[in-house]
Participant: 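Just dropping this structure here.
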There are 2 protein chains.
Amino acid sequence: MVDKYSTISTEIDKELFLTEDTLRFGIEAMFFAYRGFTLDPDKILEKYGYGRAHHRAVHFINRCSGTTVNNLLNILGVTKQSLNRVLRKLISDGLVRSDIGLEDKRERHLHLTEKGFDLERQLSEAQRRRMYSAYKKAGLDSVLGFRKVLECLMDDKVKAQFDDLLEQ
Amino acid sequence: MVDKYSTISTEIDKELFLTEDTLRFGIEAMFFAYRGFTLDPDKILEKYGYGRAHHRAVHFINRCSGTTVNNLLNILGVTKQSLNRVLRKLISDGLVRSDIGLEDKRERHLHLTEKGFDLERQLSEAQRRRMYSAYKKAGLDSVLGFRKVLECLMDDKVKAQFDDLLEQ
DNA sequence: ATTTTATGTCAGCCTTGTTGACATTTCAAG
DNA sequence: CTTGAAATGTCAACAAGGCTGACATAAAAT
């Protein structure tokens with residue numbers, strides 16, 4: 001099927017996998033899959049009175065233990081005011097510890113506390129469980145393709161951050 | 001690497017692609033890829049004073065032309081109050097037409113106007129362009145795997161909706 | 001005749017994003 | 001040593017887009 005309104009349909013490859021239909025499939029599948037992807041953590045977060053923003057913060061503070069606030073801001077791609085609101089709550093609730101930098105005392109280095117670690121574990125476990133089941137159903141070859149296309153979908157700047165993250 | 005805190009790590013397959021690392025890769029890749037995925041449409045939407053909610057409505061009204069409000073609510077998974085706010089604006093801006101049902105006069109059937117169609121085209125073109133480039137870079141085999149894993153990631157109820165959508 | 005369904009709408013609340021302004025502490029450079 | 005830049009925190013105000021609850025109307029179904 002050729003979308004008569006598309007200006008890029010003229011460039012569309014003759015190869016079957018670059019049809020309008022396949023592109024649309026991917027677009028809608030991303031939308032619905034992302035819903036599934038966030039469903040399980042959202043349920044857990046609700047119990048504790050947190051939202052997705054808290055999840056993201058907790059995830060990357062765990063992932064990049066000791067990260068500075070600025071680094072976390074770059075990863076999350078939000079304003080400091082927005083992050084600060086989330087961070088303030090996590091700190092006052094005792095899930096995150098903010099340590100003054102040893103070399104540069106202006107910096108704050110963020111760590112999860114035991115309590116924060118516990119929440120992170122619940123969240124990531126739920127998410128890994130779904131990912132695990134999807135991987136298992138889809139099989140090795142599909143997983144490799146999945147990873148590859150996701151990487152290609154990323155914006156260049158974001159891709160660079162993602163690669164940095166992997167190097168650690 | 002085995003995550004010592006994970007209760008599911010005991011079930012982890014010996015196969016390489018079901019390691020904690022691969023699972024985490026998928027989780028983080030979904031997060032960053034979704035950012036890339038929404039980036040281009042967001043820029044366009046901003047020019048017109050619309051948000052992602054408008055994009056989703058316009059997308060599925062185009063996709064399911066003549067859909068009832070209830071059907072759209074099911075697809076989008078939001079409350080009618082939330083959708084109504086979006087729909088009201090789209091209608092008053094002349095992007096969406098709401099027709100009284102012929103068989104059941106309680107129903108409203110939604111269609112894009114020329115103006116709505118024009119916005120939809122811009123948005124989907126931007127999104128298809130990125131998807132196209134990702135597909136091309138990743139190759140056929142990867143695309144098949146990508147699609148498969150995304151389908152497996154969906155929640156069962158959402159997957160059913162997705163399948164319904166494909167049947168049309 | 002009554003109830004249910006599909007829709008719309010009002011009010012109010014929450015989360016999470018934004019901008020702009022401003023304060024503090026600390027580092028770095030002249 | 002002074003001055004400017006950097007890292008952080010915070011206040012206020014606003015907007016988008018979720019949510020709940022309540023209520024209204026028209027039409028269909030029972």
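Quick caveat, the model's predicted, so the values are computed rather than measured.
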Participant: Please name all residues satisfying side-chain hydrogen bond (donor to acceptor under 3.5 Å, both in side chains) with A/D104, sequence neighbours left out, ordered by chain then number.
Facilitator: A/R106

Participant: Which residue pairs pass the ring pair (Phe, Tyr, Trp, His ring centres under 6.0 Å) test when at least one of the two sits in residues 59-94 of chain A, sequence neighbours left out?
Facilitator: A/F60-B/F31, A/F60-B/F32

Participant: Any chance the side chains of A/D93 and A/Y48 put a donor and an acceptor closer than 3.5 Å?
Facilitator: no

Participant: Would you list the pairs meeting salt bridge (Lys or Arg N to Asp or Glu O under 4.0 Å) in which at least one residue belongs to residues 49-61 of chain B, sequence neighbours left out?
Facilitator: B/D42-B/R52

Participant: Check residues 77-88 of chain B and write down every donor-acceptor pair under 3.5 Å in which the side-chain atom is one partner and the other belongs to a residue at least two apart or another chain.
Facilitator:
| from | atom 1 | to | atom 2 | distance (Å) |
| --- | --- | --- | --- | --- |
| B/T79 | OG1 | B/S82 | N | 3.3 |
| B/N84 | OD1 | B/R88 | NE | 3.4 |
| B/N84 | OD1 | B/R88 | NH2 | 3.2 |

Participant: Could you check how far CG of A/L110 sits from C1' of D/dT8, rounded to whole Å?
Facilitator: 11 Å

Participant: A/F37: what forms a ring-ring contact (aromatic ring centres under 6.0 Å, His included) with it, not counting sequence neighbours?
Facilitator: A/Y34

Participant: Who passes ring-ring contact (aromatic ring centres under 6.0 Å, His included) against B/F25, sequence neighbours left out?
Facilitator: A/F162

Participant: Please state how far atom CG in A/L87 lies from atom C1' in D/dA7, giving the value in whole angstrom units.
Facilitator: 13 Å

Participant: Where along residues 63-72 of chain A does a heavy atom fall under 4.0 Å from DNA chain D?
Facilitator: A/T68, A/V69, A/N70

Participant: Write out all pairs satisfying salt bridge (Lys or Arg N to Asp or Glu O under 4.0 Å) with one or both partners inside residues 25-41 of chain B, taking only residues at least two apart or from two chains.
Facilitator: A/R63-B/E28, B/R24-B/E28, B/D40-B/R130

Participant: May I ask whether B/F117 and B/Y50 are part of the same hydrophobic cluster, defined by side-chain heavy atoms of I, L, V, M, F, W, Y residues being less than 4.5 angstrom apart, directly or through others?
Facilitator: yes

Participant: Does a side-chain N-to-carboxylate-O contact under 4.0 Å join B/E151 and B/R147?
Facilitator: no

Participant: Considering only heavy atoms of chain A and a distance under 4.0 Å, specify the first and last nucleotide of DNA chain C in 5' to 3' order that meet this criterion.
Facilitator: C/dT16 to C/dC27

Participant: Sequence neighbours left out, what passes salt bridge (charged side-chain N to carboxylate O under 4.0 Å, His left out) with A/E107? Give chain and number order.
Facilitator: none

Participant: How does protein reach along nucleotides 15-21 of chain D, written 5' to 3' as B (base within reach of a heavy atom under 4.0 Å), S (only sugar-phosphate), or - (no contact)?
Facilitator: --BBBBB

Participant: At under 4.0 Å, does any side-chain N or O of A/R88 touch on OP1 or OP2 of D/dG9?
Facilitator: no

Participant: How does protein contact run along nucleotides 25-30 of chain D, one letter per nucleotide 5' to 3', with B for base contact, S for sugar-phosphate only, - for none, heavy atoms under 4.0 Å?
Facilitator: --BS--

Participant: With DNA chain C as reference, determine whether B/I91 or A/I100 sits nearer its 5' end, using the nearest nucleotide of each.
Facilitator: B/I91

Participant: Any salt bridge linking A/R121 with A/D118? Criterion: basic side-chain nitrogen under 4.0 Å from a carboxylate oxygen.
Facilitator: yes

Participant: Does the pair B/D156/B/K159 count as a salt bridge with the N-to-O cut at 4.0 Å?
Facilitator: no

